[in-house]
Trainee: 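Before I ask anything, here is the structure I am working with.
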Amino acid sequence: MKTFFSLALVALLTLSTTTSAENFSPVSTPSPFSTNTQGIAIDGYDPVSYFDDNKAVKGQAAHTCEYGNATWYFSSAENRDRFLADPERFAPQYGGYCAHSISNNKIVQASSKSFVIRDNKLYFYVNDTLSNRDANKSAISFEKSRAKRDKNWLSFERRF
């Protein structure tokens, strides 16, 4: 019985630490776009697919481009060409870092599978708990936190 309670406590503590971006380590040397160790943006997922399919779709090495000091992968040549025609439309906000963390003045690596599209803009989060929290915020509350994120992001951009 004691083992059960110990395991339950560990599970509860683990769950509570994964629901707040403040508990994640900030990125030590951020760049304008979040990339993996190979310089690939959003873990190789197709940024256009988030808008078209409302899900993360893995890109292919045959369909890539360079933008913002990062390599972007796409599921098709058509999606790559759409991105290149208007990268500001499809590139994630705040460089693809966790939007909630940016509001707390931290740059934290986000999950490319935890996202929200709001006002035709793509936002990434550390986990689904944070993306759901922002997705469910009222328009007024979301705008208020967006203003704070935008201000914080400007200060980060100056450092790149």
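For reference, positions follow the sequence shown, starting with 1. Just so it is clear, the values below take in all heavy atoms, side chains as well, and ignore hydrogens, waters and symmetry mates.
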Trainee: Side chain to side chain contact (heavy atoms under 4.5 Å, CB included) with E66: which residues, sequence neighbours excluded?
Mentor: T71
Trainee: If you count every heavy atom of other residues, nucleotides or ligands that lies below 6.0 Å from N36 atom CG, does the total exceed 12?
Mentor: yes
Trainee: How many angstroms lie between CZ in R149 and OG in S101, if you round to the nearest 0.5 Å?
Mentor: 10.5 Å
Trainee: Please output the side-chain donor-acceptor pairs of residues 50-59 that fall under 3.5 Å, not counting sequence neighbours, one pair per line with the distance.
Mentor:
from, atom 1, to, atom 2, distance (Å)
Y50, OH, S112, O, 2.6
D52, OD1, R82, NH2, 3.4
D52, OD2, R82, NH1, 2.5
K58, NZ, D43, O, 2.5

Trainee: If you measure from CG on N79 to NE2 on H63, what distance do you get to the nearest 0.5 Å?
Mentor: 9.0 Å
Trainee: Determine the interplanar angle of the Y94 and W153 rings, folded into 0 to 90°, and report it as parallel if under 30°, tilted if 30 to 60°, perpendicular if over 60°.
Mentor: perpendicular
Trainee: Can you tell whether the side chains of R146 and D119 come within less than 4.0 Å, N to carboxylate O?
Mentor: yes
Trainee: Nearest 0.5 Å please: distance from the CD1 atom of I42 over to the OH atom of Y73.
Mentor: 12.5 Å
Trainee: Distance from C98 atom SG to N104 atom CG, nearest 0.5 Å?
Mentor: 8.5 Å
Trainee: In Å and rounded to the nearest 0.5 Å, what is the CD to CZ distance from Q109 to F124?
Mentor: 10.5 Å
Trainee: Look at the rings of F33 and W72 and say which category their plane angle falls in: under 30° parallel, 30 to 60° tilted, over 60° perpendicular.
Mentor: perpendicular
Trainee: Just by modelled atom types, is the I102 backbone N or O under 3.5 Å from a matching donor or acceptor in the N152 side chain?
Mentor: yes
Trainee: Measuring from H100:NE2 to Y125:OH, what's the distance to the nearest 0.5 Å?
Mentor: 9.0 Å
Trainee: Do R89 and F83 have side chains that approach each other closer than 4.5 Å (heavy atoms only, starting at C-beta)?
Mentor: no
